[in-house]
Amino acid sequence: MKTLTFPVGGIHPPEEKHYTEKKGIENLPLPKQVIIPLQQHIGAPCEVQVKVKEPVSVGQLLASAKGFVSAPVHASISGTVTKIAPMPHPMGREIPAVLIESDGEDRRDPGLTGTSDFLSLEANQLKTKILEAGIVGMGGATFPTHVKLSPPEEKPIDTVIVNGVECEPFLTADHRLMLEAPDEILGGLQILMKVLGVKRGYIGIERNKPDAIETMTKRVDGCAGIEVMPLKVKYPQGAEKQLIKAILNREVPSGGLPMDVGVVVQNVGTASAIYRAVHDGMPLIERVTTVTGPGINEPMNLRVRIGTPFSELIDYCGGFKGKRGKVISGGPMMGMTQYSLEVPVIKGTSGILVFRDEDLRLTDSHPCIRCGKCVEACPMQINPSLLGVYVEAGGMDELESNRILDCIECGSCAFICPAARPLVHLIRFGKAEVMARKKK
Amino acid sequence: MNGTSGLAKGEEGEKALLTDTSIMDEEKKETTPKAVPKENAKKVPVKKKEAPPAEPLILSSSPHIASGESIPFLMHHVILALIPGLLVGLYFFGLDALRVLLITTVTAIGFEVLLQRIMQRPVTVSDLSAAVTGILLAMNLPAGAPWWLCVVGSGVAIVVGKQLYGGLGYNLFNPALVARVVLLISWPVQMTTWPKAQPFFQQGVDAVTGATPLGRMKESLLLHHDLSGIANVSLLDPFLGHVGGSLGEISALALLLGGFYLIAKRVITWHIPVGFLGTVLVIAALFHFIDPNRYASPQFHLVTGGLILGAFFMATDLVTSPVTHQGMLVFGVGCGLITMMIRFWGGYPEGVSFSILLMNAATPLIDRWVKPRTFGTGFRK
């Protein structure tokens, strides 16, 4: 087995997986109430299909997709719709959501049917199932999966990669899923390959998860065209473009998508959700998420229903330890800080990470000392320090030619910066400016 | 919709939650307006659990962890790396060297405090960059430099070379080298009076001065058009430091140790030293091969003068060198070229300082022109 990696850039943050990597996935008890946002994906919001006071069952459609780049949402518990209103959302603003109060019965929508012999279905039938199940990228980017499965004819796909890299420090949800549900992941990959008519599938896993590599390698043994690819431990190995480069030595062109180089990448959580949607007929109503960090009493990997408020997960994990500083949805490199604990788990919530006050580096930033460490660390090989200076100085004309739009916001530059410059923050600001100008 | 209140603080979010019944138009029709507030009061008890309002959560842009590296951290590694070179200087030049070192370091820090006070900027001496400048300046001075020369040097380095540009990060030229060159041009006699290197235990009252190997080479070339002046110079002496020169440049070995330490600690990368030294080596070898009577051996060029000090400690100054690896190589090669041109054909015996300063001036251009290939552009398998 070779160890693959992307060739330039990258960093080695402390892995911090020890909090939860040995802990099996636990089911969080059914929440009394869920808050299901009508937008949990990149793209158009959904159109609500239920009314207040209406009873709903598990897996029932709550809101249908509006437009192609969109995904429906479903009830994750059975009960009664109590409210449809804008609610706090982990992406940092209020988004219309459907509130359901549980009846405690966990009644499954009788209309949902699975197919145990799932590979007997036609590619189109499988794709429809995926679309109807509201499946989106569960690694955090929440791009609707069926869109990735509908490449234009001039862009033939020849490879599917399942992303089990989980390069974000602290997070172990994907790791545990590979150990505990390898069948679902393999099934999901086989479905993806069938939908796309592809003969080659890879499962990329970082070498810091030897047990997952072993489990998955054993499981795929004998499956034609499917191979587990161990990858070097380096952040951001799990970034889509870097992963494709590492495994296939293909580069997604600037501004392009993986389909431009004939590849579809799906996270292991997504693969498992696809399997469940086809095999069990159950739409995406729950996910595995890691509740972790030095600010949590008992870090755990939890299988939770979509819409469960963060506070409930944190309480279940023994509550806060020490003075809570930041509560982050996602990992420490790319996650978003939360302003309220009442935000719900959504399809893309890969983890809830809590830092105490003393874990945070709250220093002032200094002027750039031009050490070049950010350039060295940048996996996209752009110049973060220069972009940061331009944004600060208002040199917005220089941003695009210096390739600001190629930034994947992985955070390697800001992580490494000895002057503690908020480089990602500055670059995001600059990107927004460039995009706004483009629209004019 | 007006629910998009951006990054509302915790309390604002709550308020909006309890009062805001306005939702998307289509949904409004489906909601019984009367029922909403009542249900809000009854069925959102989760919000009350949070009371009394804890301190607001900290909001910030990702990433949320950092490597822990800092400017003082980098600078303290530079100081550690300079210690072997300094010790050799102290060993061969004795208390004179210590005197120069203390004066430049203390006054460099003093000038930094003074300037920042005057300009009403935050005082940043704790980042250790002024201390590094002071130490580097001392290493570029003869051990016998008079006290006032040291003070003027520190002043030029910190005031003109650094603070007038805006402080650490904004200066275009290596501050210590600006000072060295200003002093060299203004007080050439004091700046080229080299005390003879004598082991500490042999130092006595009869301290004498001696020329540097490069000085002797230049003199010999001017007077005799050959290299007879350095015929009996052993290369082991400059390698270990038993040779005339600036107090911190004499021992190639000690400086190499420090340089490797900086590379190992990832304070600098190998690109500038390798580009610089490699170019010197290649050019010296080429000319030595063509005419060994006029051009000294590459080994001689490598271990003499300020080359090792310059290549590992002066040219690699973070602020004034390019930020990309490719640019650093170009920078190093440029330093090597200019150094050799001055050593061969220039008016000064040594060209390291001038070459680095000239390349400092070229750094913005290098950064503009020499860029790595951005991922996803121009890739051919």
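Naming: A, B, ... by sequence-line order, numbering from 1 per chain.
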message = Regarding E358(A) and K323(A), does a basic nitrogen lie under 4.0 Å from an acidic carboxylate oxygen?
response = no
When the 4.5 angstrom heavy-atom criterion is applied to S321(B) and chain A, the contacting part is backbone
Under 4.5 Å to a heavy atom of chain A? For T316(B) that would be neither
Give a yes/no verdict on a cation-pi contact between K245(A) and F379(B), requiring under 6.0 Å between NZ or CZ and the six-membered ring centre and an angle within 45° of the axis. yes
Using the six-membered ring wherever Trp is involved, compare the ring planes of H271(B) and H325(B) and label them parallel, tilted or perpendicular (cut-offs 30° and 60°).
-> parallel
**Report entry** R370(A)/D367(B) ion pair, N-O < 4.0 Å
**Finding:** yes
Under 4.5 Å to a heavy atom of chain B? For D357(A) that would be side chain
Note: vs chain B, highest number of non-hydrogen pairs under 4.5 angstrom among E376(A), H12(A), E251(A) is E251(A)
Q. Yes or no on side-chain hydrogen bond (donor to acceptor under 3.5 Å, both in side chains) for K373(A) and S385(A), after CA distance, side-chain angles and deciding distance?
A. CA-CA 9 Å; K373(A) 282 177 185 279; S385(A) 61; over 6 Å; no
So, the part of D317(B) with a heavy atom under 4.5 Å from chain A: the answer is neither
Cut-off 4.5 Å, heavy atoms of chain B, and the answer for K32(A) is neither
task = Test side-chain hydrogen bond (donor to acceptor under 3.5 Å, both in side chains) on T320(B) and N174(B) and set out the steps.
result = CA-CA 6 Å; T320(B) 56; N174(B) 184 324; 4.9 Å; no
The interface call for L168(B) against chain A, heavy-atom contacts under 4.5 Å, is both
Residues K431(A) and E409(A) bridged, charged N to O under 4.0 Å = yes
Counting heavy-atom pairs under 4.5 Å with chain A, the top scorer among R373(B), M328(B), K371(B) is R373(B)
Cut-off 4.5 Å, heavy atoms of chain A, and the answer for P322(B) is backbone
